[in-house]
Asks: 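Attaching a single structure in structure tokens format; questions to follow.
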Amino acid sequence: MSDSFEPVLIGFTCNWCSYRAADLAGTARVKYPPNIRLLRLMCSGRLDPTFVLKALASGADGVLITGCHPGECHYLEQNYKALRRYLLLRRMLAQMGIEPERVKLVWASAAEGVKLAQEITDMVEEIRALGPLNWPQRHNGAALHADEKAVKEGTA
Amino acid sequence: MSANGKPKFAMYWAAGCGGCEIAVLNIHEKILDVDANFEVVFWPVAMDAKYQDVEAMPDGSITLTLFDGGIRNSENEMIARLLRRKSQILVAFGACACQGGIPGLANLSTPESLFAAVYDGISTDSQGVRPQAVWQVPEGELHIPEFYPTLKTLAQVVPVDYFMPGCPPEPHQIAAVVDLVIQALHGQAELPPPGSTIGAGYSTVCDECQRARSVKHIRAFERIQHLNHIDPALCLLEQGLPCNGPATRSGCGALCPLAGAPCIGCYGPAEGVLDCGARLLSAFASVVDGSTPEEIERCLDGIPDPAGQVYRFSLANSLLGGGKAAGDDEEAEQELSYEAAYHD
Ligand code: SF4
Ligand code: SF4
Ligand code: FES
């Protein structure tokens, strides 16, 4: 893979834990690579697998899902739900030929800024080694047609 | 309008099983209304026709065209473009034209592995033979349609006016659409806005299903033949059978759960569902009992083919559209090795 490849990662964070962990990493000046774009959800239980598929289909090279440690979710059990969805999604992505390194689930409490920064750094390097996913080029924009309502007017 | 003043009708069978064609004939005496109100100008299953005849028609001269099947080869695409040009109303008819349908599942495989299954399998004695798009014979050059790397839906190739889902669409729904178009032609009704789904509902099969939902968790997914007893009144998903009702568009009247079999999703994603498979992954994962990865994995072992389960009819129109290696033979072996590694 050429040295110029900079992976693009999408990171889903939980408002109560991993988002604060990332914040903490920032205020503590712990460095992590800028390759990840963090998005805040109220809870990992809000993570619809559609978000992950859409990220990959739109050109992301990997997706990191984060949430509170088991037993510590602010909405009681929603992170278990996230775990169940993730494990099933992972099986399906394997059938699609998507390397397991590209979609990960990590628990990180609000105090674990250093740990989260390390997880992000490791994941960026793993994906750099795998190379780009290039999904939009692969499927010739099929994904962009997924919404049937996006029908163009007029005739071909 | 043709010489006899009737609007023109066409139907075409692309990459699909042809069940949609039978379904149109299955509308019983309503077919007489089709005949009374339309002049059938092109319908290869029902009457002799040549592509040149269609090419000779003025653009936009066919009032209504039903197109069933997906786009698997260059001939499918050529006819899709031709009929688009000649038709005022082009309907993607049935699961394959709308969502890719069963043939769309081939988007998990490479063309070479598909050919290997068909031409090197036990059903032929022509081992190693592969179709050639161009072939030289003493008389000259022979051409057959070119096989595409993946299957596409009709709307991925040409603009589509309406989508009519189902595998095949239910006869009463077809009859209702025929009625609507006839009324619209007489100025007695208005057609829905272009891009609409017609001949189906807006919510989910679960919404139409009479089975009661009560429990929130299940310990194992089962295959139907392994269950000793199926409760006739209880939701099948709650009895451990993966049922695609939660994400599938209503319109059939929940036929399959009514008959005791899980919905396999032939009506495609419900209104507002961007990706049928993702929605079903969520629905299935939500009922799994277990908190440790080990417990959860054990339960998930009961769904041996998740992609085939959740995208049975909608893979070609899903966000990912298919597997990574579809249409790319070089990546095929790699893909198999990931899967093997996963199952170790
Ligand atoms: S999951 Fe299936 S059986 Fe259960 S309510 Fe929905 S359609 Fe009916
Ligand atoms: S229940 Fe599901 S699979 Fe059966 S006809 Fe209805 S939509 Fe199709
Ligand atoms: S609140 Fe953090 S995972 Fe639920």
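Atom set for the values below is all heavy atoms of this structure, side chains included, hydrogens, waters and symmetry mates excluded. Here is how names work: the chains are called A, B, and so on, in the same order as the sequence lines, proteins then strands, and each is numbered from 1.
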Asks: Taking all non-hydrogen atoms of both residues into account, name the closest pair between B:Ser282 and A:Arg85 and its distance.
Replies: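 Where B:Ser282 meets A:Arg85 most closely, the heavy atoms are OG-NE, 3.4 Å.
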
Asks: I want to check something: taking the side chain as every heavy atom from C-beta on, are B:Gln309 and A:Met92 in contact at a cut-off of under 4.5 Å?
Replies: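 No; the side chains remain at least 4.5 Å from each other.
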
Asks: Within residues 18-54 of chain A, which positions have a heavy-atom distance to chain B below 4.5 Å?
Replies: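 Result: A:Asp48, A:Pro49, A:Thr50, A:Leu53, A:Lys54.
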
Asks: Is there a side chain to side chain contact (heavy atoms under 4.5 Å, CB included) between A:Asn134 and B:Lys324 once you walk through the steps?
Replies: CA-CA 10 Å; A:Asn134 274 345; B:Lys324 187 176 173 190; over 6 Å; no

Asks: Please look at B:Val273 and chain A and tell me whether the side chain, the backbone, both or neither of the residue comes under 4.5 angstrom of a heavy atom of that chain.
Replies: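 Neither part.
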
Asks: Tell me, side chain or backbone of B:Asp59 under 4.5 Å from chain A's heavy atoms, or both, or neither?
Replies: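 Contact with chain A: none, neither part.
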
Asks: Return the minimal non-hydrogen interatomic distance between B:Gly323 and A:Trp135, and the atom names on each side.
Replies: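 Shortest heavy-atom separation between B:Gly323 and A:Trp135 comes out as C-CH2, 3.7 Å.
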
Asks: Of all the heavy-atom pairs spanning B:Leu300 and A:Arg84, show the shortest one and how long it is.
Replies: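 Nearest heavy atoms, B:Leu300 then A:Arg84: CD1-O, 4.4 Å.
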
Asks: Evaluate the side-chain proximity of A:Leu93 to B:Leu320: yes if any heavy-atom separation is below 4.5 Å, no if none is.
Replies: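 Yes, close enough: below the 4.5 Å cut-off.
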
Asks: For atom CZ of B:Phe147, is the number of surrounding heavy atoms from other residues, nucleotides or ligands below 6.0 Å larger than 12?
Replies: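 Enclosed.
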
Asks: Can you tell me how far the CD atom of A:Gln95 sits from the OH atom of B:Tyr311, to the nearest 0.5 Å?
Replies: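 A:Gln95 atom CD to B:Tyr311 atom OH measures 11.0 Å (nearest 0.5 Å).
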
Asks: With respect to chain A, which residue among B:Ala80, B:Gly308, B:Ser286, B:Pro306 yields the maximal number of heavy-atom pairs within a distance under 4.5 Å?
Replies: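 Option with the top pair count is B:Pro306.
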
Asks: Can you confirm whether B:Arg279 is buried at CZ, in the sense that more than 12 heavy atoms of other residues, nucleotides or ligands lie under 6.0 Å from that atom?
Replies: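 Not more than 12 within 6.0 Å, no.
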
Asks: Among B:Val310, B:Leu315, B:Leu281, which residue forms the greatest number of heavy-atom pairs with chain A at distances under 4.5 Å?
Replies: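 Most heavy-atom pairs under 4.5 Å with chain A: B:Leu281.
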
Asks: What part of B:Leu90 gets closer than 4.5 Å to chain A, counting heavy atoms only: side chain, backbone, both or neither?
Replies: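 Neither part, no heavy atoms under 4.5 Å.
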
